[in-house]
Undergrad: 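Here it is, the structure, as structure tokens.
Positions are given from 1, in the same order as the sequence printed here.
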Amino acid sequence: QIVDYSDDTRRLLNLVKSNAILGLILVLITLILFLNLRVAFWTAIGIPVSILFGFIIFPYVGITINFISLMGMIIVLGILVDDAIIVAENIYKYKQQGLPGIEAALKGTQEVLWPVITTIVTTVIAFSPLIAMTGTMGKFMWSMPVVVSLILVGSLVESLFILPAHVAHSKVTQRSQNMKELGYRVMGYYRNFVVKILKNPLKTIAIFVLILISSVTLLVKKMDFVLFDSSDGMFAFVTYQLPIGTPIAETIKKTQEIEAIIAQLPKEEVKTYITTIGEKGPLISSRGQDLNYESVGNIVIHLTDIGTRDR
């Protein structure tokens, strides 16, 4: 049986697509509640536009579709439309106040220009140290900050130069009385909360210091550092070694006994397995030079997707 090693990449691609679609839907629903349908649409469209911008630049900087680049896309999806929401909401506010569309777009964008740029720059800076990683891990990880940075730059360009034009020509719609009352109620709760915080600065600082200490304690005492989690691995490896000098016929016999055990595993967990006699470690997991002679062997077990099995 031919083994398709692109399954993992295909699974991550599907995850990127599902996250992008879910992000579009959530942004649309949230903005429709507080703004209107057209503004919500043009704000949400920033997600695919930003990703498209990244894909246009990727070939010129040597980025390919792989595990690390896809992980970067998944990470950045959660912060893509933050700047667009800020710009769109500010422009829409001025349009509600009666300013013409173009004037509202210029004033609303200029007002939040530097905060939005600062937000993107600080996020890019936070990921940039990964580019300086050395060694084998550095060769893999450098593409993640590049992917995140390029897509964020695309989001910034879209929110500052494309989005304002769309919002400027969107019609202002009046919210229903129920939505207005809900907005006033939420703003009232928020205002009361902020006032209480400002009136009790020492208590506020003490609470946040306590939260910080608790978080650091939990991080140090309770959380383990795992760079790559193996709990959802797609492979299992069996390596075995008989006494040196064992003839290959005996090795084959012992191998068949191991294969009989593997064959008893549920079909919902195992796709197939590949046996190699004469090599102690499979090529996919070899570290350095392995012993190769007639009394050693290995079996690579290809597992089904993590979502279809219980362990």
Side-chain angles (χ1 to χ4, degrees), residues 4-31 40-88 116-133 135-163 166 225-235 305-308:
D4 187 1
Y5 287 103
S6 67
D7 282 344
D8 288 346
T9 303
R10 191 177 295 108
R11 184 160 50 89
L12 283 175
L13 277 171
N14 291 333
L15 183 60
V16 170
K17 289 190 292 185
S18 63
N19 282 8
I21 293 172
L22 181 61
L24 280 169
I25 294 173
L26 292 177
V27 169
L28 280 171
I29 293 174
T30 303
L31 294 179
F41 171 78
W42 289 119
T43 303
I45 209 70
I47 294 178
V49 170
S50 303
I51 296 175
L52 178 61
F53 177 88
F55 273 100
I56 293 173
I57 305 298
F58 288 166
Y60 298 99
V61 294
I63 299 294
T64 59
I65 300 299
N66 53 60
F67 291 161
I68 305 300
S69 61
L70 288 174
M71 286 171 59
M73 293 180 200
I74 294 171
I75 291 172
V76 80
L77 279 175
I79 52 179
L80 263 186
V81 293
D82 293 356
D83 49 353
I85 291 174
I86 295 171
V87 173
V116 168
I117 293 176
T118 304
T119 301
I120 298 298
V121 171
T122 52
T123 306
V124 170
I125 291 175
F127 281 91
S128 59
L130 292 175
I131 300 178
M133 289 183 65
T136 303
M137 187 60 66
K139 294 179 181 178
F140 285 99
M141 295 301 295
W142 76 272
S143 61
M144 179 182 291
V146 175
V147 167
V148 171
S149 300
L150 288 176
I151 295 180
L152 284 177
V153 170
S155 175
L156 180 63
V157 171
E158 192 275 338
S159 64
L160 294 182
F161 297 100
I162 301 175
L163 178 64
H166 291 142
F225 177 77
V226 179
L227 185 58
F228 294 105
D229 187 13
S230 60
S231 60
D232 59 347
M234 301 300 295
F235 305 97
D305 293 339
I306 184 64
T308 61

Undergrad: Side-chain contact test, heavy atoms from C-beta onward, threshold under 4.5 Å: evaluate it for Phe53 versus Ile151 and give yes or no.
TA: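 No, every pair of side-chain atoms sits at 4.5 Å or beyond.
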Undergrad: If you look at every heavy atom in Ala44 and Pro48, which pair is closest and at what distance?
TA: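 That would be O-CD, 3.6 Å.
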Undergrad: Which heavy atom of Glu158 sits nearest to which heavy atom of Ala84, and what is that distance?
TA: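 For Glu158 and Ala84, the tightest heavy-atom pair comes out as OE1-CB, 4.5 Å.
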Undergrad: Starting at CD1 of Ile29, measure out to CD1 of Ile25 and round the result to the nearest 0.5 Å.
TA: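 CD1 of Ile25 is found 7.0 Å from CD1 of Ile29.
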Undergrad: Using every non-hydrogen atom in the two residues, find where Ile75 and Phe127 come nearest and quote the distance to one decimal.
TA: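 Shortest heavy-atom contact: CG2-CZ, 3.7 Å.
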Undergrad: Applying side chain to side chain contact (heavy atoms under 4.5 Å, CB included), can you list everything that pairs with Ile65, at least two apart in sequence or on another chain?
TA: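 Partners of Ile65 under the side chain to side chain contact (heavy atoms under 4.5 Å, CB included) test: Thr9, Leu13, Phe55, Leu70, Met73.
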Undergrad: Could you check Leu163 against Ile45 for side chain to side chain contact (heavy atoms under 4.5 Å, CB included), going step by step and ending with a plain yes or no?
TA: CA-CA 9 Å; Leu163 178 64; Ile45 209 70; over 6 Å; no
Undergrad: Name all residues meeting the ring-ring contact (aromatic ring centres under 6.0 Å, His included) criterion together with Trp42; count only those two or more places apart in sequence or in a different chain, and write none if there are none.
TA: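 If we apply the ring-ring contact (aromatic ring centres under 6.0 Å, His included) test to Trp42, skipping adjacent residues, the hits are His166.
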Undergrad: For Ile63, check side chain to side chain contact (heavy atoms under 4.5 Å, CB included) against everything at least two apart and list the hits.
TA: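 Result, side chain to side chain contact (heavy atoms under 4.5 Å, CB included) vs Ile63: Phe58, Val61, Ser69, Trp142, Ser143, Val146, Val147.
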Undergrad: So do Asp82 and Ile79 actually touch side chain to side chain, heavy atoms under 4.5 Å?
TA: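 In short, these two side chains touch, coming nearer than 4.5 Å.
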Undergrad: What closest approach, in Å, do Val81 and Thr43 show between heavy atoms, and which atom pair accounts for it?
TA: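 The pair with the smallest heavy-atom distance is CG1-O, 4.0 Å.
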Undergrad: Where do Val87 and Ser159 come nearest, in terms of heavy atoms and distance?
TA: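 What the structure gives for the nearest pair is CG1-O, 3.5 Å.
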Undergrad: Work out which heavy atom in Gly154 is nearest to a heavy atom in Ser50; give both atom names and the distance.
TA: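 Heavy-atom minimum between the residues: C-OG, 3.8 Å.
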Undergrad: Look only at the side chain of Ser149 and the backbone of Val124, and say whether a donor-acceptor pair between them is shorter than 3.5 Å.
TA: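 No; judged by distance alone, with no hydrogens or angles, the pair does not exist.
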Undergrad: Rounded to the nearest 0.5 Å, what separation is found between the CD1 atom of Ile120 and the CD1 atom of Ile125?
TA: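 Reported value, rounded in 0.5 Å steps: 11.5 Å.
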Undergrad: If I take atom CG from residue Leu150 and atom CD1 from residue Ile56, how far apart are they, to the nearest 0.5 angstrom?
TA: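 Leu150 CG to Ile56 CD1: 11.0 Å, rounded to 0.5 Å.
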Undergrad: Side chains of Asp83 and Thr119, heavy atoms from C-beta outward: is any pair under 4.5 Å?
TA: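 Result no, sub-4.5 Å side-chain heavy-atom pair not found.
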Undergrad: For a 4.5 angstrom cut-off between non-hydrogen side-chain atoms, does Met141 reach Ile131?
TA: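 With C-beta onward as the side chain, the pair stays apart.
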Undergrad: Quick one: are Ile51 and Leu80 in side-chain contact, heavy atoms under 4.5 Å?
TA: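 Result yes, sub-4.5 Å side-chain heavy-atom pair found.
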